[in-house]
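Structure first, then comments.
Since the structure is predicted, the reported quantities are computational estimates derived from the model, not experimental observations. Residue numbers start from 1 in every chain, and the chains themselves are labelled A, B, ... in the order their sequence lines are given, proteins ahead of strands.
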Number of protein chains: 4
Amino acid sequence: MNKDKPKYKQIIDAAVVVIAENGYHSSQVSKIAKKAGVADGTIYLYFKNKEDILVSLFQDKMGQFIERIEHETTSKQSAEEKLFTLVETHFQQLAADHHLAIVTQLELRQSNKELRYKINNVLKGYLAVIDNIVDEGIREKLFRDHLNRRLVRQLIFGMMDEAVTNWVMKEQRYNLEEQARDVHSLMVYGLAQPRS
Amino acid sequence: MNKDKPKYKQIIDAAVVVIAENGYHSSQVSKIAKKAGVADGTIYLYFKNKEDILVSLFQDKMGQFIERIEHETTSKQSAEEKLFTLVETHFQQLAADHHLAIVTQLELRQSNKELRYKINNVLKGYLAVIDNIVDEGIREKLFRDHLNRRLVRQLIFGMMDEAVTNWVMKEQRYNLEEQARDVHSLMVYGLAQPRS
Amino acid sequence: MNKDKPKYKQIIDAAVVVIAENGYHSSQVSKIAKKAGVADGTIYLYFKNKEDILVSLFQDKMGQFIERIEHETTSKQSAEEKLFTLVETHFQQLAADHHLAIVTQLELRQSNKELRYKINNVLKGYLAVIDNIVDEGIREKLFRDHLNRRLVRQLIFGMMDEAVTNWVMKEQRYNLEEQARDVHSLMVYGLAQPRS
Amino acid sequence: MNKDKPKYKQIIDAAVVVIAENGYHSSQVSKIAKKAGVADGTIYLYFKNKEDILVSLFQDKMGQFIERIEHETTSKQSAEEKLFTLVETHFQQLAADHHLAIVTQLELRQSNKELRYKINNVLKGYLAVIDNIVDEGIREKLFRDHLNRRLVRQLIFGMMDEAVTNWVMKEQRYNLEEQARDVHSLMVYGLAQPRS
DNA sequence: AATGAATGAGTCTTCATTCAT
DNA sequence: AATGAATGAAGACTCATTCAT
């Protein structure tokens with residue numbers, strides 16, 4: 001399988017750096033090849049075409065991303081803790097890899113609609129993880145039980161995504177991970193004053 | 001001022017339709033000119049370049065969009081009501097103009113980073129409106145007072161934006177406006193079971 | 001109509017010279033544009049793509065070629081004379097335009113099968129002209145009446161074509177037109193000794 | 001000598017099939033190697049380069065082709081009979097090997113000029129065979145003695161070649177061998193009505 | 001002798017923008 | 001003000017050939 005060969009990883013990693021540094025539209029295949037230390041043609045031994053590099057990049061990185069989140073959350077007891085860990089791990093991972101953050105939050109969104117649909121498919125795996133936590137919270141009677149779950153998971157994702165995108169657009173000048181607590185709090189308790 | 005001349009509006013409106021129907025990358029200047037009923041060169045009498053059409057389009061449409069939301073919210077009494085009206089009007093307006101929804105949620109995001117920064121500047125006006133409502137809610141002691149307001153407005157926007165984007169990507173097959181109540185509820189009360 | 005604009009002709013004529021001098025596979029669009037004195041992009045205002053230049057070139061030149069032959073032959077009385085005039089005019093025209101001869105006999109044949117089918121369609125008009133002469137000869141009882149006419153026209157064309165191709169491959173070092181009499185004689189009387 | 005090794009023949013035969021089935025321009029070295037059951041690199045142990053495969057293919061197949069024709073014709077008595085046998089055997093052989101017919105009549109002609117000159121050299125052997133028959137006919141006083149023999153052999157070849165090419169382009173939907181008699185007749189007696 | 005992974009040169013076409021009319 | 005013909009820069013991908021094993 002091509003995916004286990006070292007050049008596959010080399011090219012993916014080169015693509016992340018090149019796209020983060022040059023922007024999506026200035027990331028020619030030849031530039032990626034050069035950064036990866038291979039010939040242009042070699043790219044095409046491992047990827048069908050340029051779009052395939054990007055889809056693979058996203059699948060690869062997001063696969064690990066989601067796996068890590070799944071792993072961290074399962075060790076937690078309550079749905080509330082799990083949700084916090086999800087937000088925290090989401091922020092942590094992107095804060096730890098600035099290049100990847102730029103690529104996922106800004107550059108990859110400039111791709112055409114078709115590619116974005118493929119990306120969305122990868123994200124379905126993530127939405128499923130969120131779903132499970134919400135379900136658990138409802139079973140625990142921690143969360144309200146008449147929630148529109150399809151909508152809830154969108155909103156949870158939307159909140160985190162917007163928070164990260166803002167942080168990237170502000171050139172990562174503040175600490176993203178510190179926001180995890182507030183974001184989590186908003187998710188769970190909303191804006192309202194606790195009713196006593 | 002060019003902006004008041006009829007052709008300016010003609011071109012902007014043509015651009016919305018052309019981009020919604022053909023996608024960002026298949027919306028050549030010549031196609032927009034044709035739809036607008038003017039010569040290619042005429043475009044450049046009203047806009048500096050292609051990007052300027054898109055920025056102007058966004059400013060124009062978003063200006064009206066925000067104005068309408070401001071107008072609707074000011075007539076409401078409480079911050080809670082205002083927030084609901086904001087979500088409702090946000091959803092209403094995009095549901096009423098499918099072309100515009102496609103353009104703002106999907107197509108314009110494929111533009112380059114530079115254009116997206118300009119678009120973000122336009123959105124600052126919207127974020128200010130949200131800010132004011134949150135402030136009011138805090139003053140009314142309806143909302144918690146230790147909220148990170150910069151973050152809160154991002155999350156509010158992120159929730160609505162994600163909800164609309166999903167609706168557009170699902171090809172607008174369900175009723176978006178009906179979700180306003182749930183989204184508002186999530187914003188205000190979060191996921192948690194009301195504590196009695 | 002594009003075909004009447006001066007640049008259309010300019011580009012066609014440039015293509016003939018460039019292809020004759022450089023060979024089919026070394027005739028880049030940019031080379032043709034340069035020789036025609038227009039920008040690369042201008043080519044695409046007049047032709048759909050590179051292949052379209054070649055098909056149009058062939059249609060244009062062959063159209064004139066055949067027209068000229070038709071014109072010359074109609075003024076002759078007998079089928080025998082007409083056939084001679086056909087061969088003579090065929091040879092004359094190609095001998096008068098060395099570039100065109102190289103292109104039609106050698107270079108255009110390197111095109112892909114698809115293009116060659118299109119070229120063959122153009123040649124059908126020529127075969128029809130030959131057909132008419134053969135028919136007339138048969139009616140005049142000059143030619144045998146049990147001839148397979150579809151085959152006969154192929155053979156007549158094949159003889160001329162091979163003669164011209166040989167002349168081009170021998171770098172046009174001998175006089176092609178002088179061969180018209182012998183070729184005509186072979187067509188009409190064959191190899192055999194006249195029986196007395 | 002490489003030519004006697006089994007892989008040499010394997011590669012040549014694979015090339016004929018691959019080119020006939022895929023066309024000249026879709027017949028990559030790797031495709032030929034795969035069909036021949038050898039590695040890409042192995043091709044270069046037996047052939048200098050891709051062109052050398054094609055030239056060798058032509059030499060090989062045409063060598064046998066011409067040999068067979070020589071063999072069949074020598075057993076005939078008169079030049080007229082020999083010429084008929086030549087046409088008949090020419091048609092027979094190509095009708096018997098459709099792949100080869102496609103390759104020689106259509107696909108190999110798409111090769112570049114250089115390759116076609118080499119192919120022409122191979123054909124000189126064939127032209128010599130034709131020459132001999134014409135000479136014999138003249139000596140027998142069967143054929144006219146003031147014929148331009150260089151031209152005559154071209155025309156004889158041109159007639160057969162055009163007949164076969166047409167048959168291939170018509171997708172071999174009629175019987176080629178049946179045309180041998182008519183073609184021969186045209187060669188020997190021409191179009192003219194026998195003079196009594 | 002045989003392999004096959006790696007190489008890297010080479011080109012058609014699109015489309016935002018200009019400018020003579 | 002309006003036109004639209006003309007411009008020309010820019011990049012993904014293929015495939016014949018090599019060479020370390």
When D:Val29 and C:Val38 are each assigned the nearest nucleotide of DNA chain F, the 5'-most assignment goes to C:Val38
- NA contact type, B:Tyr46, heavy-atom cut-off 4.0 Å: base, sugar-phosphate, or nothing? sugar-phosphate
Whole-Å distance, D:Gln28 CD to E:dG4 P, equals 18 Å
Rounded to whole Å, the CD1-C1' distance (B:Ile43 to E:dC19) equals 17 Å
Point to revise | B:Thr42 side-chain N/O to F:dT3 phosphate OP1/OP2 under 4.0 Å | key: yes
When both distances are under 3.5 Å in a Watson-Crick or G-U wobble arrangement, the nucleotide paired with E:dT21 is F:dA2
Rounded to whole Å, CG of C:Leu45 lies from P of F:dA5 at a distance of 8 Å
Query raised in the report: Counting just side-chain N and O atoms, does B:Ser30 come under 4.0 Å of either OP1 or OP2 of E:dC15?
Result: no
Paired to F:dA10 by Watson-Crick or G-U wobble criteria (both distances under 3.5 Å) is E:dT13
A:Glu51 CD to F:dA12 C1', in whole Å, measures 13 Å
Between OH of A:Tyr44 and C1' of E:dG4 the distance, given in whole Å, is 21 Å
Next on the checklist: Would D:Lys31 pass as a cation-pi partner of D:Tyr24, given that its NZ or CZ must be under 6.0 Å from the six-membered ring centre and within 45 degrees of the axis?
Outcome noted: no
